[in-house]
Amino acid sequence: MSEKLFKIISKVMNVNYENITDESNPSTISSWTSFNGYVLLYELESNFNVKFSIDEAMDVKNVADIKRHLKNHGVNLND
Amino acid sequence: MDNEEPLSKYILDSEKLEINNFNKKIKVAFLSSFTINGLSESLKVKCSKKQISCNQYVAGYNQYNQEILDKKSGLYSFSPDITFLILDTRSIFGDLFHFPYSVTKSERENFVNQKITEIINLIIKFNETSDSKLVITNLSLPHYSPHGIAETKTNYSFHDAIIDFNKKLKEKLLNINSAYVFDFFKFVTKHGENNVFNFQNYLFGDIKISLDYIPYLANEFMPYIISFLGLTKKCIVVDLDNTLWGGIVGEDGFDGIRLGPQPPGNAFVEFQKYLKALSQRGILLAINSKNNFDDAIQVIREHPFMILTESDFSCIKINWNNKASNMQEISKELNIGLDSFVFFDDDPINRELIRESMPEITTPELPHDPSFYSEVIQSLHDFSTFQITSEDTNRGQMYLEQKQRTESQNSTSDISEFLKKLNLEIEIKKTNSFTIPRISQLTLKTNQFNLTTKRYHEDQIKKFSEDKNILIGCAQIRDKFGDNGITGVFIVEKTNYDEWFLDTFLLSCRVMGREAEKAILYFIINEAKNNNIKRLKAKFIPTEKNKPIENFLPDCQFYKKDGIWIYNLDKPFNMPDFLTLSEE
């Protein structure tokens, strides 16, 4: 399932799948602007059928944070 | 309704685009009072789908005042063709958005007037500094009011103030050339406030149009670009069976087809009404149908529930020929290029045939259910023009007269006999507030009989008309069948004391082939002679489409020297004697 998450990040941020890690964040991915960050959450919401709160959205600083919030919403990422 | 791709797809696609690949190019600037990320990307992708390269300038967040007021701003150095200024109710109303009743009724009125003045001053400033067209959004109406159900019992309520703002903005802009209102109010009505506005989007990133709806907004901006580039469609060609009526007249018979007040016949009545309204605003209609002529024409002439009549169609092809060759003939008879057509046919095979053999024609998908035909028409943005001129609304009639002319021409074997009988009158008109929009429209739309194909917008035409070094005018052409309206344009640059240069010389395709151009040239030559000019110079800039004017200059005794065509004014110029020339 992490694969699905990384694929979405790769698509929205227009970066290679291989370059994405749990530590990836706006300073390692230059296209990760605040707006694209928001587009990413939007995409995740529709792909995983979840709804993030504004607190969760503000809390996301890197990929690991996204995973944590997805898990809190019951999404099984298998890792 | 046409479903949109998600915004992320547009953003991704726009990054991959090489935007300067296309011949058609436009420069678009965006100014806004809130975050509109994604809008420029969506528009860029939509332009590329129409083979248009869209260069863009996106001003910083809420920087529109500074960009417009500072003559050295990035906006002006980008020098856009079209500038979108996107405003929203929250930003304009400020504190009054939440607390409209913290002030009195007259204070609310004053507030609206003051905001309108501020915006109009900005627009005037913008117009002084830029040649760009300016498209400014009006305000959406929030459904909520702190007065609740008493809102409609409140004098000059919060909602009244917003409606008043929109009304005044529209009224003021009616008199400002090159500034237009985009009806954002209507956009939100179409999609629904609860969809377009999302509190989380707004609070998280000041995004006042939720991300899903940004591509829809870009869609509605496309008509401005299409109209600016002169790509507006001119004619809708329709099939008959299962398109204008339900069933197949050859099999179901006159009484068996479905057309009338009951479902499903009412779907076709509804569709015909939309077509009729478009024809009333100047879009031509034509028929391309495989049928027995007599069966089909009987329905058109005699069926009690036909909305469209025979005279609504400028060209009728009902036969057993291949639809592609019929399309060619329609194009030839109406004298408009294939890229000016939209084709409606319920049969997917016919649609595919036209798409493959004539990709220039717009062939929309028609849904299986005819209830949705009208929606397809509503969603097409290809018919828009910045302004509707009187020539637009009379166009159907003019083409009908054209049909009679062609028939008369066919019955007269000698072309010069035919022309003599036409009683052609050419009246030269000066520029004024009525003719300027039409002159601009002709320069934007005319492709065939156009010497230089230079495109000019209204504000440019207006500047020319105020310039002493330019002779500009147009020609209204009448004949015994009727008035063709303003169908010729000339722009002459008074280069120096003994030379003039023909910058623009064009004739609408509607009046081609009648030598009216010679009367217009005769007028220009006479004007030049009266001003002691020695030489009239001209240039022919060939394009894919202007072959019909290729020999015009040599035919009129211009000679070529170093790539420039020259007419020596000591030579007499003969205008054909069957033409009558007059001046306004």
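Predicted model only: the values in this text are computed from it and were never measured. Numbers restart at 1 for each chain; the letters A, B, ... are given by sequence-line order, proteins then strands.
Only the side chain of I207(B) comes within less than 4.5 Å of a heavy atom of chain A; its backbone N, CA, C and O stay farther away. Within the 4.5 angstrom heavy-atom criterion, only side-chain atoms of L7(B), from C-beta onward, approach chain A.
Once rounded to the nearest 0.5 Å, the distance linking CD1 of I11(B) with CE of M13(A) reads 9.5 Å. Taking CD1 of I54(A) as the reference point, atom CZ of F199(B) lies at 11.5 Å (rounded to 0.5 Å).
Contact of the L211(B) side chain with the F35(A) side chain is registered, since non-hydrogen atoms from C-beta on lie closer than 4.5 Å.
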All donor-acceptor atom pairs under 3.5 Å, backbone and side chain, chain B-chain A:
{"from": "S8(B)", "atom 1": "OG", "to": "E43(A)", "atom 2": "OE1", "distance (Å)": "3.3"}
{"from": "S8(B)", "atom 1": "OG", "to": "E43(A)", "atom 2": "OE2", "distance (Å)": "2.7"}
{"from": "E15(B)", "atom 1": "OE1", "to": "N14(A)", "atom 2": "ND2", "distance (Å)": "2.8"}
{"from": "Q200(B)", "atom 1": "OE1", "to": "Y38(A)", "atom 2": "OH", "distance (Å)": "3.4"}
{"from": "Q200(B)", "atom 1": "NE2", "to": "F52(A)", "atom 2": "O", "distance (Å)": "2.8"}
{"from": "N201(B)", "atom 1": "N", "to": "Y38(A)", "atom 2": "OH", "distance (Å)": "3.4"}
{"from": "N201(B)", "atom 1": "ND2", "to": "Y38(A)", "atom 2": "OH", "distance (Å)": "2.9"}

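Atom NZ of K72(B) has 12 or fewer neighbouring heavy atoms from other residues, nucleotides or ligands inside a 6.0 Å radius. Counting heavy-atom neighbours within 6.0 Å of K24(B) NZ, excluding the residue itself, gives a total above 12. Counting non-hydrogen atoms of other residues, nucleotides and ligands closer than 6.0 Å to CG of N23(B) gives a total of 12 or fewer.
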